[in-house]
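Beneath this line is the structure, given in structure tokens, with notes to follow.
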Number of protein chains: 2
Amino acid sequence: MIDLRHLRTIHALRDTDSLHDAAERLHLTQSALSHQFRELEERIGMQLFVRKSKPVRFTSAGLKLLQLADQVLPLICGTERDLGKLASGTAGRLHIAIECHSCYQWLMPSVDEFRGAWPEVELDLASGFAFAPLPALERGDLDLVVTSDPVTLPGISYVPLFGYEAVLAVDNHHPLHGKPYLEPGDLASQTLITYPIERHRLDIFTRFLEPADIEPAQVRTSELTVMMMQLVASGRGVCCLPNWALHEYSSRGYVTAKRLGENGLQARLYAAIRSDMLQVPYVSDFLLTAKDISFATLEGVNVVSGLAI
Amino acid sequence: MIDLRHLRTIHALRDTDSLHDAAERLHLTQSALSHQFRELEERIGMQLFVRKSKPVRFTSAGLKLLQLADQVLPLICGTERDLGKLASGTAGRLHIAIECHSCYQWLMPSVDEFRGAWPEVELDLASGFAFAPLPALERGDLDLVVTSDPVTLPGISYVPLFGYEAVLAVDNHHPLHGKPYLEPGDLASQTLITYPIERHRLDIFTRFLEPADIEPAQVRTSELTVMMMQLVASGRGVCCLPNWALHEYSSRGYVTAKRLGENGLQARLYAAIRSDMLQVPYVSDFLLTAKDISFATLEGVNVVSGLAI
DNA sequence: CGGCCTTCATGAGACAAACTCATTTTTTTT
DNA sequence: AAAAAAAATGAGTTTGTCTCATGAAGGCCG
């Protein structure tokens, strides 16, 4: 019944105050608009504006339609602009969510650099404990999710960012201090502190403890890394973190890092994005930047990690 | 470029998960939708959804369009419904503003009765000190304004509601008490309390004092009628009010009402509405109700007004 | 693994909607 | 009151949108 054409017309009519001028602005003839209005008015069964008056006066129905136009037309225009930008690849949106708090540490430099290189791109960063990021990525509410858990989903691609080693933080005078590396059984008597997420998303369980069928003496959770570190340092538990996240604490001698298993618990972070975004220039650029920067940031970590092997 | 048709189509596609079913829901053929998408994708230069997949997966561009559809389509539907209701006259909107606080007194019963008779009509009442109500009425933000000052405007009609007499409230032991009616000069020595609006909208000035070129000794303002009454009762000033607004105070002997001029200061309240709304059934019904009720409410007032003539 | 079934794409043609042109009617201006 | 401007109307044409018929591509299942 109502069409965008009608909204554009009535909007132009308010601005120009005459059918003739409105037609000109819309690159149409006065006749076209006259027909258009007559037909629409027939359909809704009411007049939309008062003819015999200058300036034009709208009826209640016309005003209602105008209010609609004022709401809708900007939305349409905005989306058309956004699509244009998306197609040209010069600008767009990059809403990022990260699954783990510690990721801020290496992500922030990438984000800063990216902001400079692509000022047109609307960049947003959200920490993802509050909601499920992957469905949001599928829905289009998010554009990039940093995760260590690449579950296969149609239309979602995972770009490897960098590998890291998950290590165990223990206090400096811990009994396990002497061992070159820890075995699952060593944790049977320990309190394990984790982020408050499901077990199947924690490598320490899925890839270390569960294969050996070991359960820690106690499991407690904390949302904040610093809080975890306090607990560990005071001997109230141990916790498993990426080596680069632990580095700032272990390198200062606040806690000690211990390798998990003979070869260490190697893991990998991925950027999850909708597959079609891979082609978008600013996205691929961001991924390159992120890889570069994470590499530069973490290079030192692996050497000076304080990892007591 | 983008058309409502496209929004409806992509919206249906998400719900049905296949072009064929989406076409059915839209009472079109699968071919039509296929053509439609191909053409739109050509225009924006990107794919909108991934063909070879079930359920359908939208690209970033498609998701953007979907978000637009979710915003726009409800607005369109809503307006179409509203227009339908407006045309049939069975339901609609009646946003009322009143220019003076005291009007609540007689308006509320009308509003209550109206609510019962026209439950479908979205009724809203706003006190109008905060903004200029007549431009809002012209714009369509308001539908009815109660005013005592019918300035001629194209497209705005004034429906007389009822006449009233503006009288002066004075304290019970006031020196002017003895006079059968007051003359302008009597106010030269008085403190006049008014609502905080421009003088040219106050009858006491435009129709009583200014013609005689008299200025009160002092003018002070108050927003609330009860506050005015307190000031008057304690002898700190006099104030001019409609007789029906003063009635509840004067009839209890709290203050005394005095006629202004030999024949009294007669005034009239009007309902201002956009002319085309006069035809709408619920509007004319409201006007009749308001007239009836105000008449019934005020009838007693004029008799038992305590007006000391 | 090949045939079948479903889904989507494509081209040609039909139909309708929307526009233009020419003209008349109405309104505004001077 | 006449002239000018604006809007309405009717006929005709263009454009766009749909359908029909058909072809191509995936996915399912014996």
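Note that these values count all heavy atoms, side chains included, but never hydrogens, waters or copies made by symmetry. Each chain gets a letter, A, B and so on, in the order the sequences are listed, and its residues count up from 1.
- We find that CG of A:Asp3 is positioned 19 Å from P of C:dA16, with the value rounded to whole Å.
- Among the heavy atoms of the strands, none lies under 4.0 Å from B:Leu33.
- A search for side-chain hydrogen bond (donor to acceptor under 3.5 Å, both in side chains) contacts involving A:His95 returns A:Glu122, not counting sequence neighbours.
- We find that CD of B:Glu42 is positioned 13 Å from P of C:dA9, with the value rounded to whole Å.
- Taking 4.5 Å as the limit, every side-chain heavy atom of A:Leu94 sits out of range of all side-chain heavy atoms of A:Trp118.
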Would A:Thr79 and B:Lys64 satisfy side-chain contact (heavy atoms from CB on, under 4.5 Å), going step by step from the backbone distance to the final call? CA-CA 7 Å; A:Thr79 301; B:Lys64 192 120 206 107; 4.1 Å; yes
Protein-to-nucleotide contact annotation, 5' to 3' order, nucleotides 21-30 of chain C [B base; S sugar-phosphate only; - none; under 4.0 Å, heavy atom]: B-----SS--
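- When rounded to the nearest whole Å, the span between CZ of A:Arg43 and P of C:dA17 equals 9 Å.
- At whole-Å resolution of the value, CG in A:Leu19 and C1' in C:dC19 are 15 Å apart.
- For C:dT20, the paired base is D:dA11 (Watson-Crick or G-U wobble, both distances below 3.5 Å).
- Proximity of a side-chain donor or acceptor of A:Thr59 to a complementary backbone N or O of A:Leu48 within less than 3.5 Å is detected.
- Between B:Asp82 and B:Arg93 no salt bridge is recorded (no basic side-chain N to carboxylate O distance below 4.0 Å).
- For B:Leu4 and C:dA17, the CG to P distance is 17 Å, given to the nearest whole Å.
- Mapping heavy-atom proximity under 4.0 Å, the span of DNA chain D touched by chain B runs 5' to 3' from D:dT17 to D:dG26.
- A:Ile273 has its side chain within reach of A:Val283: a pair of non-hydrogen atoms, C-beta onward, lies under 4.5 Å apart.
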Side chain to side chain donor-acceptor pair (under 3.5 Å) assessment of A:Ser60 paired with B:Arg274: CA-CA 7 Å; A:Ser60 304; B:Arg274 288 186 300 282; 3.1 Å; yes
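- For A:Met1 and C:dA17, the CE to P distance is 16 Å, given to the nearest whole Å.
- Computed from coordinates, the B:Glu41 CD to C:dC8 C1' distance equals 12 Å when rounded to whole Å.
- No side-chain heavy atom of A:Arg14 sits less than 4.5 Å from a side-chain heavy atom of A:Val56.
- Put simply, CZ on B:Arg5 is 17 Å from P on C:dA16, counting in whole angstrom units.
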Salt bridge (charged side-chain N to carboxylate O under 4.0 Å, His left out) between A:Arg51 and A:Glu41, intermediate numbers included: CA-CA 13 Å; A:Arg51 311 311 162 97; A:Glu41 286 175 337; 2.3 Å; yes
